[in-house]
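Scroll down for the structure; my scribbles are underneath it.
The shown structure was predicted, so the numbers you read here are calculated from the model rather than taken from an experiment. Throughout, protein chains are lettered first and strands after them, A, B, ... in sequence-line order, and every chain is numbered starting at 1.
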2 protein chains.
Amino acid sequence: MSSPRRITLKELAAELGVSTASVSNAFNRPDQLSPRLRERILSEARRLGYQGPDAKARSLRTGRSQIVAVILAESLTYSLNDAVASELLSGIAEVLDAHGHTLLLLSGRQTPAKVPGSASIADGFIVYGLMPSLRLFADLPSQRPLVAVDFDIEDHASVHVDNEPAAYAIARHALATPPARPAVINLRLTEQPCNGRITSEHALLSASRTITRARLDGFQHAFVEAGIAPEAVPMWNIEENTHEVCTPVIAEILDLPDDERPDLLLCMSDRIALTALTLAEQRGLCIPEDLRITGFDGIAEGQYRAPRLTTVRQDSTEKGRIAARMVLGLDPTEPRQLSTALIIGDSCP
Amino acid sequence: MSSPRRITLKELAAELGVSTASVSNAFNRPDQLSPRLRERILSEARRLGYQGPDAKARSLRTGRSQIVAVILAESLTYSLNDAVASELLSGIAEVLDAHGHTLLLLSGRQTPAKVPGSASIADGFIVYGLMPSLRLFADLPSQRPLVAVDFDIEDHASVHVDNEPAAYAIARHALATPPARPAVINLRLTEQPCNGRITSEHALLSASRTITRARLDGFQHAFVEAGIAPEAVPMWNIEENTHEVCTPVIAEILDLPDDERPDLLLCMSDRIALTALTLAEQRGLCIPEDLRITGFDGIAEGQYRAPRLTTVRQDSTEKGRIAARMVLGLDPTEPRQLSTALIIGDSCP
DNA sequence: GGACGGTTCTGTATCGATTTAGTTAGTCTT
DNA sequence: AAGACTAACTAAATCGATACAGAACCGTCC
């Protein structure tokens with residue numbers, strides 16, 4: 001069983017006394033040769049342990065690799081543990097897999113310089129949540145399709161949800177019962193990292209992420225409509241959508257004296273909202289009597305618990321499917337906006 | 001701005017009037033040419049928009065692609081939404097990224113036939129949780145490193161946790177307070193899919209997954225030691241570690257008449273245990289007075305809630321890191337067994 | 001019987017890089 | 001000043017396939 005080296009198509013052809021073209025055709029275009037010869041080739045291939053045409057050589061020759069690169073804004077370590085990113089990826093994977101493609105995972109964060117190099121193997125790109133300011137795109141092979149998810153790039157396909165109206169809708173719902181002390185917890189709003197209280201000028205000045213910006217706009221629109229001055233609403237910011245990072249910031253909020261502690265928290269993600277829910281419960285606060293909480297995203301964890309989270313459901317899996325279909329050229333590549341659904345749970349009825 | 005086609009190294013060399021070797025060296029081996037020439041080449045490359053050596057061609061020539069394929073037993077759609085698999089992937093990604101490699105995601109489930117073909121581009125393989133019976137391995141290029149996670153294959157590196165002793169430990173802890181009606185909820189124990197009650201003979205006969213089998217052995221060992229006949233303990237099985245699939249099975253268990261309803265649930269995963277916890281709370285059962293519940297895995301969701309889940313913590317991220325280090329040849333490839341930690345939470349104090 | 005058409009199969013250029021062996025030029029020794 | 005080194009650069013083979021243009025063969029039809 002000592003196969004010192006993988007056998008090549010050429011060697012297989014020589015062994016059989018046929019041309020390499022025929023062997024190649026036996027694997028790729030059965031109609032180009034007689035069934036008899038094809039069978040002979042395939043059985044000899046099996047006998048010699050030939051695994052079929054080498055993917056590296058094939059992709060060089062044909063120019064296609066059947067690989068789609070997904071470039072994520074955050075680190076892979078973070079993204080893979082984030083429910084929303086995971087849903088997106090699973091939608092992408094579903095479609096790619098169904099069409100014989102595979103998924104190459106890259107992070108725009110950890111190795112920005114290397115991305116174009118590693119990526120050049122891919123047939124197309126799906127870029128998730130990157131700041132448009134990053135000039136990464138300029139370095140990606142420009143002939144291949146690129147789909148932006150959750151933001152826009154000129155001259156490229158994109159898919160995202162209607163963040164602004166969705167945020168407006170949930171805030172409107174929440175404000176229908178007038179809060180005494182509303183507050184907003186943002187996610188990655190500011191240009192430079194910051195975990196904790198932020199002023200509203202600070203927020204307005206430095207908001208760069210399109211999604212976050214849109215959600216905040218939606219909230220503020222609803223505030224104005226409810227007769228509340230947006231700049232009077234205290235805001236916090238959180239840098240990373242994880243339990244670890246959310247916990248201290250939210251603890252700070254909930255540990256304020258009773259007459260300062262918010263009675264309504266509009267959170268920019270379900271992770272933030274769920275952490276708030278847990279910490280509030282631990283402090284013996286009653287939900288929703290003492291504190292109402294809203295999320296954003298509609299992840300499973302928020303719906304399979306009591307109290308159920310009031311949130312906006314965005315179908316990230318479907319977003320992934322569409323992005324994948326676009327990158328494979330199965331869907332038109334015009335910018336696509338998905339709608340969301342307001343889920344009224346028990347955390348803010 | 002109409003670059004009709006990506007420029008090649010050869011064209012760049014011609015443009016500069018130097019050999020292709022020098023251009024290649026400018027990118028890969030700075031020590032092989034004068035700084036002056038190198039700078040000239042790099043700046044001309046920038047000017048012409050040359051993105052560096054093409055990954056496809058390079059990988060053909062060098063035989064290395066800087067890509068590691070991760071082959072998951074379950075569908076990608078499922079795996080990406082599973083906390084344990086995600087943690088594993090994030091550990092893998094962390095190490096690969098740090099060493100300039102990227103991660104290609106494949107599912108052993110959806111396209112088993114295509115796996116070897118797509119995979120042949122990779123420098124190495126990490127295979128997660130596949131049944132050893134699958135003959136997939138035989139078809140993977142045998143010269144390249146392969147690391148098995150959570151199971152063993154002959155002649156290959158592997159890394160897993162001590163499932164049997166860990167299961168024994170948590171069951172022993174739970175049984176220290178004698179339960180009136182203990183029960184076990186298995187995960188993917190049986191050969192043919194089955195969601196619901198299973199008999200213990202059924203379980204013993206068809207258990208094929210090594211992890212599940214080991215965990216059940218650990219539980220049963222503890223039962224025997226506590227003077228409980230394992231075959232008298234009712235068992236259920238769940239096919240997929242998701243809220244959707246767990247919910248009806250667990251509802252069936254919790255909706256048994258009071259005198260049949262278990263007062264201790266040993267669950268094979270945190271997902272199962274957490275679903276049980278939620279459903280029990282919804283039914284007004286007191287945890288742990290009316291019902292004690294244990295999990296397995298130690299996912300974050302179980303620790304950031306009240307009551308905290310009693311479970312076994314396995315560090316899947318670390319498992320991923322080690323697998324990645326093995327596949328890159330940074331760690332010795334001897335079979336590696338990681339230890340676990342018993343976490344005594346509030347769901348079974 | 002020769003022109004024609006259709007299969008079946010082959011020879012070879014090509015994809016875009018890397019790398020070995022080798023050339024040229026310049027520097028250092030003694 | 002000849003020989004020995006070294007640094008800087010190049011020519012060309014090579015990685016393993018694919019796909020085009022064309023050759024060989026066979027049967028058919030007028």
Side-chain angles (χ1 to χ4, degrees), chain A residues 5-42 44-45 48-66 116-123 141 143-144, chain B residues 5-42 44-45 48-66 116-123 141 143-144:
Chain A
R5 202 173 46 78
R6 198 167 180 274
I7 198 181
T8 71
L9 182 146
K10 198 165 154 188
E11 289 162 353
L12 177 57
E15 193 75 29
L16 282 156
V18 302
S19 75
T20 61
S22 290
V23 178
S24 175
N25 286 332
F27 283 96
N28 302 313
R29 314 199 301 198
D31 56 310
Q32 295 293 304
L33 76 177
S34 66
R36 213 173 100 59
L37 178 57
R38 180 170 137 92
E39 201 33 67
R40 195 158 74 87
I41 292 173
L42 293 180
E44 183 72 358
L48 295 177
Y50 177 68
Q51 297 300 343
D54 179 78
K56 296 196 256 283
R58 164 183 292 182
S59 71
L60 171 60
R61 181 60 238 241
T62 61
R64 271 159 298 104
S65 58
Q66 309 286 96
S118 326
S120 71
I121 204 164
D123 293 344
Q143 278 69 46
R144 276 165 269 176
Chain B
R5 202 173 45 78
R6 200 168 178 274
I7 198 181
T8 71
L9 182 146
K10 199 165 151 188
E11 289 162 353
L12 177 57
E15 194 74 29
L16 282 157
V18 301
S19 77
T20 61
S22 290
V23 178
S24 175
N25 285 333
F27 283 96
N28 303 313
R29 313 195 303 196
D31 56 310
Q32 295 292 304
L33 75 176
S34 66
R36 210 172 101 60
L37 178 57
R38 181 170 136 92
E39 200 34 67
R40 195 158 74 87
I41 292 175
L42 293 180
E44 183 73 359
L48 295 177
Y50 177 68
Q51 297 300 341
D54 179 79
K56 296 197 256 282
R58 164 183 291 183
S59 72
L60 170 60
R61 180 60 237 240
T62 62
R64 272 159 297 105
S65 58
Q66 310 286 93
S118 327
S120 72
I121 206 165
D123 293 343
Q143 279 69 44
R144 276 165 271 177

Query - Any donor-acceptor pair under 3.5 Å from B:Arg64 side chain to B:Ala122 backbone - result: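 Not at all, since once roles are kept as given, no pair shorter than 3.5 Å links the two residues.
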Interatomic distance, [X] [atom1] vs [N] [atom2] [rounded to whole Å]:
| X | N | atom1 | atom2 | result |
| --- | --- | --- | --- | --- |
| B:Lys56 | C:dG16 | NZ | P | 9 Å |
| B:Gln51 | C:dA17 | CD | P | 11 Å |
| A:Asp31 | C:dC9 | CG | P | 12 Å |
| B:Ile121 | D:dG16 | CD1 | C1' | 13 Å |
| A:Leu12 | C:dT10 | CG | P | 13 Å |
| B:Glu39 | D:dA8 | CD | P | 16 Å |
| A:Leu33 | C:dT7 | CG | P | 14 Å |
| A:Glu15 | D:dG16 | CD | C1' | 17 Å |

Query raised in the report: What is the per-nucleotide protein-contact pattern of nucleotides 17-27 of chain D, from the 5' end, where B denotes a base atom under 4.0 Å from a protein heavy atom, S denotes such proximity for sugar-phosphate atoms only, and - denotes neither?
Result: BBB--------
Query raised in the report: If we only count heavy atoms from C-beta on, is the A:Arg40 to A:Val18 side-chain gap below 4.5 Å?
Result: yes
Report task. Taking the side chain as every heavy atom from C-beta outward, state whether B:Thr8 and B:Asp54 have any pair of such atoms under 4.5 Å apart. Result -> no
Which residues share a side-chain hydrogen bond (donor to acceptor under 3.5 Å, both in side chains) with [X], sequence neighbours left out:
| X | result |
| --- | --- |
| B:Ser65 | B:Asp123 |
| A:Glu44 | A:Arg47 |
| A:Thr20 | none |

Check residues 23-33 of chain B and write down every donor-acceptor pair under 3.5 Å in which the side-chain atom is one partner and the other belongs to a residue at least two apart or another chain.
| from | atom 1 | to | atom 2 | distance (Å) |
| --- | --- | --- | --- | --- |
| B:Ser24 | OG | B:Asn28 | ND2 | 3.4 |
| B:Asn25 | ND2 | B:Ala21 | O | 3.2 |
| B:Asn28 | OD1 | B:Arg58 | NH2 | 2.8 |
| B:Asn28 | ND2 | B:Ser24 | O | 3.2 |

Report task. Taking only the side-chain nitrogens and oxygens of B:Ser22, find out if one of them lies under 4.0 Å from OP1 or OP2 of D:dT10. Result -> yes
**Report entry** Sugar-phosphate only, base, or nothing, as touched by A:Leu60 at under 4.0 Å among non-hydrogen atoms
**Finding:**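 A:Leu60: base contact, heavy atoms under 4.0 Å.
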Query raised in the report: Excluding sequence neighbours, so at least two apart, what forms salt bridge (charged side-chain N to carboxylate O under 4.0 Å, His left out) with B:Glu39?
Result: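 By the salt bridge (charged side-chain N to carboxylate O under 4.0 Å, His left out) rule, B:Glu39 matches B:Arg46.
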Query raised in the report: If you fit an axis to the five pairs at each end of the helix from C:dG1-D:dC30 to C:dT30-D:dA1, how big is the angle between those two axes, to 10 degrees?
Result: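 The end axes of the helix from C:dG1-D:dC30 to C:dT30-D:dA1 are about 50° apart, to the nearest 10°.
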Report task. To the nearest 0.5 angstrom, please state how far the OH atom of B:Tyr50 sits from the CD1 atom of B:Ile7. Result ->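 B:Tyr50 atom OH to B:Ile7 atom CD1 measures 8.5 Å (nearest 0.5 Å).
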